[in-house]
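Values below: every heavy atom of this structure, side chains too, minus hydrogens, waters and symmetry copies. What you see is a predicted model; the values in this text were computed from it and never measured.
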2 protein chains.
Amino acid sequence: MSDHPTIRARRRGPALEEAILRAAADELLTTGYAGFTMDRVARRAGTNKNVLYRRWPHRAALALAAYGHLAAERYTLPDTGNLREDVLTVLRDANRHWASPLGEVLRGLLTTKDPEVLQLLRGRGTEGGADLLLPVLERAVARGEARPQALKPRVAGVPLALLRHEYLLRGSTEVPEAVLVEIVDDVFLPLVQAVTASVTATADAAK
Amino acid sequence: MSDHPTIRARRRGPALEEAILRAAADELLTTGYAGFTMDRVARRAGTNKNVLYRRWPHRAALALAAYGHLAAERYTLPDTGNLREDVLTVLRDANRHWASPLGEVLRGLLTTKDPEVLQLLRGRGTEGGADLLLPVLERAVARGEARPQALKPRVAGVPLALLRHEYLLRGSTEVPEAVLVEIVDDVFLPLVQAVTASVTATADAAK
DNA sequence: CCGTTAAGGTACTTCGCGTACCTTAACGGG
DNA sequence: CCCGTTAAGGTACGCGAAGTACCTTAACGG
């Protein structure tokens with residue numbers, strides 16, 4: 001019993017912090033933000049609440065940090081050379097993400113009352129959505145697939161805003177593919193396409 | 001303090017229930033859904049928690065009932081004969097409502113985790129938004145102000161969905177008029193308006 | 001008039017956040 | 001190499017709020 005786990009070497013600094021964040025992330029993924037308790041995180045991390053409160057001022061801050069720790073990897077935009085495919089891909093990715101446990105965490109965090117956390121959450125570009133599709137739209141304009149007048153954050157943000165809206169209405173369940181297609185074909189493409197786009201209505205039988 | 005002189009006659013049934021709902025509504029309006037506690041409601045209503053729990057199974061149910069009690073009055077759609085004005089009016093009304101204490105209550109309720117309450121909330125047509133603007137859009141199509149192909153719930157729901165999205169991003173603060181105008185002028189009108197000049201010019205609005 | 005029903009009152013139990021306070025291990029400068 | 005400083009471990013609170021138990025008491029109604 002040389003390295004018996006019962007008597008673990010005392011962790012400090014970054015190592016401990018990493019362990020705590022992992023534990024907190026696991027808790028978020030299993031129990032969600034509701035049911036995320038400091039006691040459970042501390043127990044899972046093999047430490048105690050004090051250590052948590054020395055690093056994060058309150059529960060929400062820890063949860064937010066854990067989420068950030070999870071969602072650390074960077075996202076790469078699609079570039080298929082086709083606006084419709086690009087936007088659909090982004091919508092599908094976002095749909096998957098928001099329907100995943102990770103997305104549930106995010107939504108749980110968004111519904112917190114803590115103004116400080118909301119500030120932080122909104123600070124992350126993750127939430128804008130506008131900026132995400134803007135480059136896609138930009139390329140589409142360059143290819144002549146979209147009107148230059150449509151090249152605005154407000155317009156580029158429409159698809160993700162509508163997707164988010166679906167989540168508000170439906171709850172946690174994944175948004176069906178048909179809705180994504182509607183968002184793109186009934187709203188976004190008619191909105192951004194060149195003036196000759198009235199043809200699209202007849203041409204979308206091609207899909 | 002002292003409750004000396006007023007030994008109130010004991011209220012029963014509907015009278016008591018009404019008093020409780022009023023108290024709960026007042027609490028919602030002053031403290032919001034967070035900070036809405038059964039103890040406070042009971043004290044404000046001059047009764048005790050037991051009476052509340054005999055009528056509503058839990059805090060969220062009572063809050064929801066109180067909100068319904070507040071938002072009882074019906075809404076009448078604008079019909080100015082001009083699509084842009086109609087939509088802007090609806091957006092301004094919704095903006096006012098959501099920025100008001102009442103709207104804060106609604107948003108607070110929407111963020112509850114209780115699935116039962118969410119079910120009830122979504123049951124109310126209040127949330128759809130799509131159906132709200134659909135008649136407005138219908139009239140616009142009849143006047144030739146909008147393409148008939150745009151006459152879909154998904155399209156009609158866009159303005160309110162975008163407005164709601166703004167609330168998610170900004171928090172409780174009222175959305176500035178400029179954003180409403182952007183939503184209408186940069187998104188909704190380009191989306192629904194007739195695309196080819198010939199169609200717009202010809203007075204084939206004959207119905 | 002009296003029994004049934006529902007309101008009033010009080011005191012719990014349970015949970016989870018956040019804090020206090022002490023003990024103990026690791027680190028690191030002299 | 002020692003010892004003081006720092007940070008982790010441990011335990012026990014205080015507090016607020018949800019719900020519950022149980023009894024007392026007023027109103028209603030046959």
Check the distance between [N]'s [atom2] and [X]'s [atom1] and give it to me in whole angstrom.
| X | N | atom1 | atom2 | answer |
| --- | --- | --- | --- | --- |
| B:Arg54 | D:dA21 | CZ | P | 12 Å |
| A:Arg43 | C:dC15 | CZ | P | 12 Å |
| A:Asp39 | C:dT19 | CG | P | 14 Å |
| A:Lys49 | C:dT19 | NZ | C1' | 9 Å |
| B:His58 | C:dT14 | NE2 | P | 22 Å |
| A:Arg40 | C:dG16 | CZ | C1' | 12 Å |
| A:Leu62 | C:dG16 | CG | C1' | 14 Å |
| A:Leu52 | C:dC17 | CG | P | 10 Å |

Heavy atoms from C-beta onward define the side chain here; which of [options] lies closest to that of [X]?
| X | options | value |
| --- | --- | --- |
| B:Val51 | D:dA18, C:dA7, D:dG9 | C:dA7 |
| A:Tyr53 | C:dG8, C:dT19, D:dA18 | C:dT19 |
| B:Asn48 | C:dC17, C:dT10, D:dT20 | C:dT10 |
| B:Leu16 | D:dG19, C:dG8, D:dG9 | C:dG8 |

Would A:Val87 and A:Val90 satisfy side-chain contact (heavy atoms from CB on, under 4.5 Å), going step by step from the backbone distance to the final call?
CA-CA 5 Å; A:Val87 177; A:Val90 168; 5.7 Å; no
Look at A:Arg55 and D:dA8 and indicate whether a side-chain polar atom (N or O) is within less than 4.0 Å of OP1 or OP2.
yes
Does A:Thr47 put a side-chain nitrogen or oxygen below 4.0 Å from OP1 or OP2 of D:dG9?
yes
Heavy atoms only, 4.0 Å cut-off, all strands: where does A:Arg11 land among base, sugar-phosphate and nothing?
sugar-phosphate
May I ask you to say whether B:Glu166 pairs ionically with A:Arg154, meaning some side-chain N is under 4.0 Å from a carboxylate O?
yes
Looking at B:Arg139 and B:Glu145, is there a salt bridge between them, counting it only when a charged N and a carboxylate O are closer than 4.0 Å?
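So B:Glu145 does not pair with B:Arg139 through a salt bridge.
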If you write DNA chain D from 5' to 3' in dot-bracket form, with Watson-Crick or G-U pairs under 3.5 Å, [ ] for crossing pairs and | for pairs with another strand, what do you get?
||||||||||||||||||||||||||||||
Could you check whether atom CZ of A:Arg11 has more than 12 heavy atoms from other residues, nucleotides or ligands sitting under 6.0 Å from it?
yes
Interface with DNA chain C, restricted to residues 17-32 of chain A and to heavy atoms under 4.0 Å
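Listed by number, there are none.
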Name all residues meeting the side chain to side chain contact (heavy atoms under 4.5 Å, CB included) criterion together with B:Glu138; count only those two or more places apart in sequence or in a different chain, and write none if there are none.
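If we apply the side chain to side chain contact (heavy atoms under 4.5 Å, CB included) test to B:Glu138, skipping adjacent residues, the hits are B:Leu151.
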With sequence neighbours excluded, residues passing side chain to side chain contact (heavy atoms under 4.5 Å, CB included) with A:Pro148
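A:Pro148 satisfies side chain to side chain contact (heavy atoms under 4.5 Å, CB included) with A:Val141 once adjacent residues are dropped.
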Any side-chain heavy-atom pair of B:Val136 and B:Asp79 under 4.5 Å
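Sidechains of B:Asp79 and B:Val136: no contact.
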Aromatic plane relationship, A:His97 with A:Tyr67 - under 30° parallel, 30 to 60° tilted, over 60° perpendicular:
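Judged by the thresholds at 30° and 60°, the geometry between A:Tyr67 and A:His97 is tilted.
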Comparing B:Gly46 and A:Met38 on DNA chain C - which has the more 5′ nearest nucleotide
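Comparing both residues, the 5'-ward one is B:Gly46.
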Can I get a per-line list of side-chain donor-acceptor pairs under 3.5 Å for residues 24-32 of chain A, giving both atom names and the distance, sequence neighbours left out?
unit_1	atom_1	unit_2	atom_2	d
A:Glu27	OE1	A:Arg40	NE	3.1
A:Glu27	OE2	A:Arg44	NH1	2.7
A:Thr30	OG1	A:Asp26	O	3.1
A:Thr30	OG1	A:Glu27	O	3.2
A:Thr31	OG1	A:Glu27	O	3.0
A:Thr31	OG1	A:Gly35	O	3.2

Going by side-chain hydrogen bond (donor to acceptor under 3.5 Å, both in side chains), name the residues that satisfy it together with B:Glu85, two or more places apart in sequence or in a different chain.
none
